[in-house]
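Since the model is a prediction, treat every value here as computed from it, not as a measurement. Values reported hereafter were calculated over all heavy atoms of this structure, with side chains retained and with hydrogens, waters and symmetry mates removed. Note that ligands are numbered from 1 as they come in the structure, with each ligand's atoms numbered from 1 the same way.
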Amino acid sequence: MTSKASFIAGLPKAELHLHIEGTLEPALVRQLASRNKIPIPDAISSLTSTSSGYTFNDLTSFLAVYYPNMAVLLTSTDFFDMAYAYLTKAHSQNVIHAEIFFDPQAHTSRGVPFSTVISGLRQAIIKAERELGMSASLIMCFLRDMSPEFAMATLTEALPYKDYIIGVGLDSDERQNPPAKFAAVFARARQEGWLVTCHCDIDQQDSIKHIRQVLNEIQVDRIDHGTNIVEDASLVELVKEKRIGLTCCPVSNSVVTKDFKGEEILQLLRAGVKVTVNSDDPAYFRGYMNENLMKTMDETDITREEIVQLQRNAFEVAWISERKRERFLGLLDSHAK
Ligand code: ADE
Ligand code: ZN
């Protein structure tokens with residue numbers, strides 16, 4: 001291992017932007033299809049006949065592969081296996097805390113009960129806490145290309161499992177699906193005591209407008225992606241003042257936008273914004289935490305101290321108790337000495 005790679009590998013890390021369905025590696029898709037006696041999804045069966053792998057050029061073309069692959073997830077054991085595989089991988093990269101997105105509507109709309117999804121994910125987290133000493137929690141995302149009524153019904157369905165879910169988010173296709181469409185859903189989520197984050201994907205048609213909506217109308221605690229704030233100094237100031245974390249995903253950016261936004265990430269970090277680096281959908285974009293940090297280090301002039309600052313930001317904006325935060329920051333400080 002190079003000294004850069006071992007520096008990154010050794011850092012205690014938090015991952016705050018990770019779609020659990022985005023961790024479905026092709027081998028696991030095949031295994032689950034075989035176990036459930038269903039056909040291997042097209043995107044996976046065509047993968048073997050080409051050497052180039054998945055081809056995406058934007059968020060829409062990525063989602064067109066991402067959702068059909070989920071057909072292999074049917075039982076709570078399937079959800080458990082997917083989540084535990086991710087947690088084991090993250091643990092091997094020294095991720096000590098993970099906040100994991102899941103998309104219940106992508107499963108309930110296929111007839112898989114909410115209880116099946118959450119029980120498998122929850123069991124994996126319990127096992128990772130016990131056997132790997134990891135800390136992890138769940139963030140329930142609403143699919144923005146579906147109706148606000150369906151989102152509200154999903155919120156209601158989740159209430160019996162409230163204690164298993166730390167907060168709610170908004171993901172899927174942003175085109176023509178502004179955050180304001182879900183204002184009532186997020187207001188209700190807040191009333192229920194959930195923390196709130198929303199995707200503001202990179203270089204969308206209405207990126208700035210959507211970022212203003214999540215800050216002013218939805219009143220988010222974090223923003224997923226959101227680096228387009230560099231275009232507007234007043235937004236940078238607002239995000240800084242409110243200490244809103246941005247969960248950036250360089251490898252994912254490089255696939256869906258052809259620009260990994262390293263300069264923007266660095267500019268915001270240096271301006272004092274609570275920027276973090278994460279992996280998004282690592283099986284699809286082929287980069288877990290270490291690979292995302294490595295890309296940032298290889299392709300920008302970021303210093304080692306700034307890489308440590310990215311991790312400090314992650315622990316600072318993580319949705320954890322103050323006691324845990326102190327402990328994790330202490331681990332990071334003793335490693336960084
Ligand atoms: N769902 C999974 N990954 C996503 C992303 N990067 N943006 C929006 N929705 C997603
Ligand atoms: Zn995402």
Side-chain angles (χ1 to χ4, degrees), residues 14-25 29 43 54 56-71 73 82-83 86 90 98-107 109-110 117 121 138-146 151 154 167-179 181-182 196-207 210-211 213-214 218 220-228 245-261 265 275-289 291-292 295 314 317:
E15 166 129 87
L16 306 180
H17 186 155
L18 179 279
H19 300 264
I20 199 62
E21 294 89 350
T23 68
L24 265 182
E25 293 286 350
V29 175
Y54 295 120
F56 313 123
N57 44 31
D58 57 16
L59 186 64
T60 312
S61 54
F62 153 66
L63 294 172
V65 173
Y66 175 74
Y67 291 119
N69 277 356
M70 293 181 203
L73 294 164
M82 169 175 67
Y86 161 70
E99 294 179 9
I100 300 174
F101 294 134
F102 71 112
D103 287 341
Q105 292 162 283
H107 312 300
S109 61
R110 300 181 287 117
V117 178
L121 299 177
L138 293 171
I139 300 174
M140 174 172 73
C141 285
F142 302 113
L143 298 184
R144 67 198 308 160
D145 44 1
M146 293 188 168
T154 302
V168 296
L170 183 67
D171 65 3
S172 203
D173 201 340
E174 190 165 333
R175 272 182 322 168
Q176 324 262 315
N177 294 303
K181 175 176 160 188
F182 296 92
V196 171
T197 186
C198 285
H199 274 61
C200 290
D201 270 291
I202 305 294
D203 296 344
Q204 295 292 299
Q205 204 173 28
D206 294 306
S207 275
H210 291 181
I211 291 169
Q213 286 178 8
V214 302
I218 310 282
V220 288
D221 300 285
R222 286 203 306 248
I223 298 177
D224 301 311
H225 300 293
T227 42
N228 285 84
L246 296 193
T247 64
C248 304
C249 308
V251 173
S252 155
N253 295 348
S254 69
V255 180
V256 298
T257 70
K258 299 283 172 264
D259 177 357
F260 82 112
K261 304 289 176 191
I265 290 170
V275 177
T276 67
V277 160
N278 310 272
S279 71
D280 208 3
D281 299 283
Y284 291 87
F285 303 136
R286 298 195 224 139
Y288 287 80
M289 276 298 285
E291 291 75 23
N292 273 275
K295 185 174 180 71
V317 302

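Screening Val196, Leu246, Thr247 for a side chain to side chain contact (heavy atoms under 4.5 Å, CB included) with Arg222, the sole residue that qualifies is Thr247.
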Please tabulate, one line per pair, the protein nitrogen or oxygen atoms found under 3.5 angstrom from a nitrogen or oxygen of ligand 1, with distances to 0.1 Å, or say none if there are no such pairs.
residue: ligand 1; atom: 3 (N); partner: His19; partner atom: NE2; Å: 3.3
residue: ligand 1; atom: 3 (N); partner: Asp281; partner atom: OD1; Å: 3.4
residue: ligand 1; atom: 3 (N); partner: Asp281; partner atom: OD2; Å: 2.7
residue: ligand 1; atom: 6 (N); partner: Asp280; partner atom: OD1; Å: 3.3
residue: ligand 1; atom: 6 (N); partner: Asp280; partner atom: OD2; Å: 2.8
residue: ligand 1; atom: 7 (N); partner: Asp201; partner atom: OD1; Å: 3.3
residue: ligand 1; atom: 7 (N); partner: Asp201; partner atom: OD2; Å: 3.0
residue: ligand 1; atom: 9 (N); partner: Ser172; partner atom: N; Å: 2.8

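A tilted orientation is assigned to the rings of His19 and Phe101, their planes being inclined by 30° to 60°.
Protein-derived N/O/S atoms nearer than 2.8 Å to the Zn ion (ligand 2) total 4, waters excluded.
Note: Asp145 CG to Asn177 CG = 5.5 Å, rounded to the nearest 0.5 Å. The distance from the CD atom of Gln213 to the NZ atom of Lys181 is 12.0 Å, given to the nearest 0.5 Å. Atom OG1 of residue Thr227 and atom CG of residue Asp203 lie 7.0 Å apart, to the nearest 0.5 angstrom.
Listed by chain and number, the residues in a ring-ring contact (aromatic ring centres under 6.0 Å, His included) with His210 amount to none (sequence neighbours excluded). For Asn57, the side chain to side chain donor-acceptor pair (under 3.5 Å) partners at least two apart in sequence or on another chain are Ser61.
Ring centroid separation for the pair Phe182 and Phe142 does not come in under the 6.0 Å cut-off.
Atom CZ of Arg110 sits in a crowded spot, with more than 12 heavy atoms from other residues, nucleotides or ligands closer than 6.0 Å.
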